[in-house]
Amino acid sequence: MNLKIAVCVKSVPNPDQFSSLSLDPVSKTLIREGIDSVINPADLHAIELAVQLKEQYGAHISLISMGPQQAQKELRMGLAYGPDDAFLVSDREFGGADSLATSYVLAKALEKAGPFDLIILGNESADGATAHVPSQVGIIMGLPNMTDIVGFSLDENGKTRVKKRLQGRYAIYEAELPLVIGVAKDINKVRTAGMRGVLGAKNKPLTVWSVENFEDLDKTRIGLSGSPTQGGEYHTASFGREATELKGSPEEIASELSNIIRPILGRE
Amino acid sequence: MICKKEIWIYAETESQKIAPSYYELLGKAHELKESLNEAYEIVAVILSDSAEEVSKELRSSAVDRVYCLEHEKLGNYNPEYYAAVLSEFAKKHKPEMLWIAASAIGGELAPSVAALLNTGLAAHCVDILINDKGELVHLVPAFGGKLLTEILVPKTRPIMASVKPGIFREREIACSKEAELVFERAEILDSMESRFKLVEEQEMQSSGLPVEKAEVVLAGGRGIGNTQTWEKLKELAGRLDGAVGYTRSLVDIGLEENELNMIGSSGKSVRPKLYMGFGISGASHHISGIKDSGTIIAVNTDDEADIFDSSDYKIVADCDRILSALLEVL
Amino acid sequence: MWYMNEEREMLRKMVAEFAENEVRPFVKEMEEKETFPMHLIKRAGELGILGLCFPEELGGVGVDWINLGIAMEEISKVSTCVGLLVMMTAVGSTLSLQFVGTEEQKEKILKPCIRGEQVLAMSLCEPVGSSNTAAYKTKAVLDGDEWVLNGGKIFCTLAGQCEYYGIMALTDEFNPLTMEGATMFLVHKDTPRFKVGHIEKKLAWHGSATGSIYLTDCRVPKTMILGEVNKGLHAFGSTVMQTYAYLAILSLGGAVGAYEEALRYTKERVHIGGKTLFENFQAVRHRLVNMYTEIEACRGLLYGCFEMMQQGKNGVKECMAAKIYAQQVHESVASQAVMLHGGNGLMVDNGIERYFRESKMMAVGGFAVDIIRDQISMLL
């Protein structure tokens with residue numbers, strides 16, 4: 001079939017080290033020393049889906065990322081799993097972007113590197129965790145898009161079935177390519193990349209684009225000035241929990257617990 | 001004519017009933033309204049193929065107006081139809097704020113509408129308030145909840161916010177009069193064909209989940225004491241689509257044989273949305289395995305049990321009785 | 001560390017992932033039930049770990065001795081037993097096949113080994129004389145196109161789990177000066193009258209079957225000789241450095257594993273006054289520093305050996321020294337790790353005592369350290 005697939009990846013601070021993050025007490029900025037960066041965990045599942053489709057149908061997979069120069073390291077790691085090439089969109093002017101400005105830049109990069117039949121993203125990033133980007137990339141590109149996807153299949157005619165998680169149930173939709181999907185981690189299990197992949201990653205093309213490489217970038221939509229949301233101060237959240245004690249008969253407690261539990265589970 | 005600014009609350013429905021998240025957002029809207037300088041109206045917005053019944057409930061929910069956007073195509077959730085209708089309507093009526101619960105549907109609807117309106121959306125707010133500088137800020141978690149950030153939407157309108165269900169508490173609000181009810185047909189959908197076709201819906205099966213992947217974990221410790229109580233915990237876990245975990249003590253007393261789902265520093269670490277520990281004392285090695293969980297509820301007969309220092313909810317009671325009572329209710 | 005770069009860091013991460021996700025879950029069962037999960041060899045083959053020192057024509061991923069060292073270290077951190085078995089297939093017995101093997105042998109044995117589909121064990125030890133080749137009782141006599149083997153070996157690693165066994169037998173009177181007289185035969189497991197005997201219970205490495213093998217009039221085609229007749233020991237000539245260095249890396253990996261466990265334990269275990277063991281006791285901190293230092297000294301020596309291999313330099317003495325030193329470090333670090341765990345260090349369920357038991361194996365296994373000392377002394 002030879003599909004053209006794009007996977008958007010993000011370099012994030014290692015979630016396993018989040019508990020070591022701290023704030024500078026004076027400037028209130030984040031101290032990130034000693035924290036490694038990794039590929040956003042959900043994006044690995046996106047890469048895995050792409051590689052599975054490549055093995056099944058034949059595809060060319062491109063990784064796309066917006067980030068600092070150092071994010072090239074994460075893209076190389078991503079290439080080790082099987083994708084064919086990678087594009088890093090990096091420029092000071094892209095800095096400070098919120099999800100909408102990020103989605104705009106990703107959309108432009110996808111247009112430039114594309115066109116793609118399928119664009120796969122991890123549903124949310126470990127650091128910002130807005131889960132906005134898959135929908136917003138789709139909307140900006142005018143492509144059908146859907147998030148929280150736990151199942152995906154394709155037939156020989158390019159017709160897809162996507163399984164989306166809803167409240168207490170799943171909904172399965174049919175859609176034609178091209179398509180944008182945000183995948184949940186339980187869609188698949190990420191393979192361990194083999195040595196061949198790791199050692200071959202350095203030979204795969206990795207292109208870095210800055211603002212100059214784009215012909216028709218609307219500068220009012222990029223970076224900090226293109227972000228309708230602005231971040232203010234950070235506060236530390238306290239870890240020690242204050243327990244609310246529930247008292248009464250077992251039946252009363254159970255009833256209160258039920259009201260506490262249901263919303264967490266997304267149930268009525 | 002001077003129109004008051006509006007706070008729109010998207011009223012999500014599930015099988016013809018208003019989701020509790022609506023009332024949670026409503027409570028916060030009223031709270032915020034009091035600290036705002038100008039007079040605001042609170043408006044409920046609902047999308048439906050037939051909103052007759054639910055709109056009645058919304059009218060008496062202490063809002064100033066209810067907009068019912070109707071169209072045949074709005075029966076089942078479809079991301080393209082819903083986002084198109086809500087954004088068109090917002091463009092037409094220009095609310096100041098638009099809040100959507102970050103449920104399975106809302107979590108997709110909100111960013112889609114924000115992109116269509118080219119406006120800012122504060123995601124998964126844990127609070128919305130006026131800060132010391134008089135700015136409208138949204139408190140949003142980052143880095144797995146380790147830190148909170150203030151998010152502002154200074155220039156674009158509407159100011160959008162999404163809030164996960166259960167974050168805000170519902171509150172009782174005196175409702176003096178019924179709201180104005182406005183029906184509008186979502187004409188934009190007449191000429192629109194979605195590129196998604198709903199083919200099938202499937203119920204969620206509860207399975208023997210591995211504990212480290214589950215969103216819900218119920219764990220038992222020494223205090224479980226016997227097979228019957230343990231069975232009750234497992235039954236409850238099944239009902240909540242959750243995984244079953246346990247401490248070493250439980251293995252010691254013979255209720256589990258292997259360490260597949262043992263939680264602790266020498267076992268597994270879990271990060272579920274909901275963790276409930278029954279009969280667990282809370283030795284540090286177990287706590288280290290659960291400390292990043294969303295909500296921690298602990299039940300133990302010992303008032304001084306260590307686990308209560310790391311819990312959100314403390315229940316000093318016999319596990320067996322609480323489990324029995326929960327099985328009646330959930 | 002000086003040899004690390006971005007690519008090697010990726011490689012290390014991937015092997016560490018394999019070790020954590022696929023090897024670790026089996027370690028307990030392996031120790032208790034004494035079964036070896038042969039599928040781990042297959043997986044190591046699939047992931048290309050076994051191919052890190054073989055060229056692509058043979059199914060490898062390209063030769064890089066440091067890369068192989070990094071991979072072996074990561075696996076040994078979790079289990080030196082699994083490390084040993086992966087190492088045997090990656091470099092122990094198969095490497096000589098690459099240099100002196102025939103095309104047929106490479107097709108039949110080497111390539112499947114690199115893919116993880118087969119294992120080749122080398123068996124040298126005998127009841128009388130152990131490493132003393134001159135005293136071997138296992139002999140072979142030519143009969144037409146076949147050699148007839150009689151005798152037996154003890155302490156054969158992976159006895160009963162291999163496709164092929166490399167048996168060293170005397171085919172002439174052994175000449176200690178020229179080292180000629182012994183021949184390496186590649187014996188297939190299904191050879192009639194080839195028997196695997198008693199499997200021993202050992203101090204550690206329960207997942208690896210160590211046992212006796214017996215040959216009674218076993219006929220081996222003359223195409224199944226590794227290298228030349230009477231020059232069996234020479235078959236290992238070009239792989240001496242690797243043999244010692246990759247045994248050493250197992251010990252280093254084991255030491256690092258024990259050290260990291262101890263560090264984690266002492267930094268997490270809350271002790272008096274709400275502070276950790278690490279915070280409360282200088283003795284604990286100093287011990288950990290000593291362990292760290294020993295490990296890094298060993299690392300410097302051993303990875304220097306890998307770099308020498310990479311540059312094609314002769315470093316036989318250094319590799320032998322590394323094997324001795326690494327075992328020493330492993331034993332020292334594992335022993336201290338047990339103590340740092342206090343009572344928990346003695347409990348089987350906690351896993352740290354396994355490191356201690358495993359650390360002694362290399363003092364004798366592979367090549368006994370005192371024999372190696374003798375060999376180095378001849379080169380000084």
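In what follows, every chain begins at residue 1, and chains take the letters A, B, ... in the order their sequences are listed. As the structure is a prediction and not an experimental result, all values here were calculated from the model.
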At a heavy-atom separation under 4.5 Å, does [X] approach chain B through its side chain, its backbone, both, or neither?
X	result
A:Leu166	both
A:Val133	neither
A:Pro13	side chain
A:Lys185	neither

Under 4.5 Å from any heavy atom of chain A, what part of [X] do you find: side chain, backbone, both or neither?
X	value
B:Tyr313	both
B:Met160	neither
B:Pro79	side chain
B:Asn118	both
B:Leu327	neither
B:Ile297	side chain

Closest heavy-atom contact between [X] and [Y]?
X	Y	value
B:Ser112	A:Asn145	OG-OD1, 4.3 Å
A:Ala131	B:Pro111	O-CG, 4.3 Å
A:Pro144	B:Glu80	CA-OE2, 3.8 Å

Fill in: Heavy-atom neighbours of B:Arg195 CZ exceed 12 at 6.0 Å
yes

Could you have a look at [options] and say which one has the most heavy-atom pairs with chain A under 4.5 angstrom?
options	value
B:His124, B:Gln202, B:Arg321, B:His138	B:Gln202
B:Gly294, B:Ala104, B:Ala110	B:Ala104
B:Asn78, B:Val299, B:Asn131, B:Thr119	B:Thr119
B:Leu152, B:Thr156, B:Ile296	B:Leu152

Item to complete: Output, in order, the C-alpha distance, side-chain angles, deciding distance and verdict of side chain to side chain contact (heavy atoms under 4.5 Å, CB included) for B:Phe196 and A:Leu179.
Response: CA-CA 10 Å; B:Phe196 286 106; A:Leu179 190 58; 3.7 Å; yes

Worksheet item: Can A:Arg169 and B:Glu203 be said to form a salt bridge (charged side-chain N to carboxylate O under 4.0 Å, His left out), step by step?
Response: CA-CA 4 Å; A:Arg169 67 189 196 285; B:Glu203 284 299 308; over 6 Å; no

Practice prompt. Check step by step if side chain to side chain contact (heavy atoms under 4.5 Å, CB included) holds for B:Met276 and A:Ile261.
Written response: CA-CA 10 Å; B:Met276 295 182 71; A:Ile261 291 173; 3.6 Å; yes

Kindly compute the distance separating [atom1] ([X]) from [atom2] ([Y]), expressed to the nearest 0.5 Å.
X	Y	atom1	atom2	answer
B:Leu198	A:Tyr173	CG	OH	5.5 Å
A:Arg241	B:Thr295	CZ	OG1	7.0 Å
B:Ser311	A:Glu245	OG	CD	11.0 Å

Fill in: B:Lys197/A:Glu174 ion pair, N-O < 4.0 Å
no

Discussion item. What I want to find out is whether A:Lys164 reaches B:Glu108 closely enough, with some N-O distance under 4.0 Å, to be called a salt bridge.
Written reply: yes

Please identify, among [options], the residue contributing the most non-hydrogen atom pairs under 4.5 Å to chain B.
options	result
A:Ala243, A:Ala175, A:Gly248	A:Ala243
A:Thr130, A:Thr229, A:Ile172	A:Ile172
A:Ser249, A:Gly128, A:Gly142, A:Gly138	A:Gly142
A:Pro228, A:Gly231, A:Ser255	A:Pro228

Practice prompt. With side-chain hydrogen bond (donor to acceptor under 3.5 Å, both in side chains) as the test, would you mind laying out the steps for B:Lys155 and A:Gln230 before giving the verdict?
Written response: CA-CA 10 Å; B:Lys155 300 206 180 93; A:Gln230 302 280 325; over 6 Å; no

Discussion item. Only heavy atoms, only distances under 4.5 angstrom. Which residues in residues 96-110 of chain A are near chain B?
Written reply: A:Leu100

Practice prompt. Considering only heavy atoms, give the residues of residues 146-153 of chain A separated from chain B by less than 4.5 Å, sorted numerically, with 'none' for an empty result.
Written response: A:Met146, A:Thr147

Worksheet item: Any side-chain heavy-atom pair from B:Asp312 and A:Thr244 closer than 4.5 angstrom?
Response: no

Worksheet item: Which is it for B:Leu121 and A:His132 under the side chain to side chain contact (heavy atoms under 4.5 Å, CB included) test, yes or no, and what are the steps along the way?
Response: CA-CA 9 Å; B:Leu121 167 62; A:His132 291 172; 3.1 Å; yes

Discussion item. Walk me through whether A:Glu251 and B:Val329 qualify under side chain to side chain contact (heavy atoms under 4.5 Å, CB included).
Written reply: CA-CA 9 Å; A:Glu251 291 71 32; B:Val329 172; over 6 Å; no

Practice prompt. Quickly, which of B:Val316, B:Ile315, B:Ile322 forms a side-chain contact (heavy atoms from CB on, under 4.5 Å) with A:Leu246? Name it, please.
Written response: B:Ile315

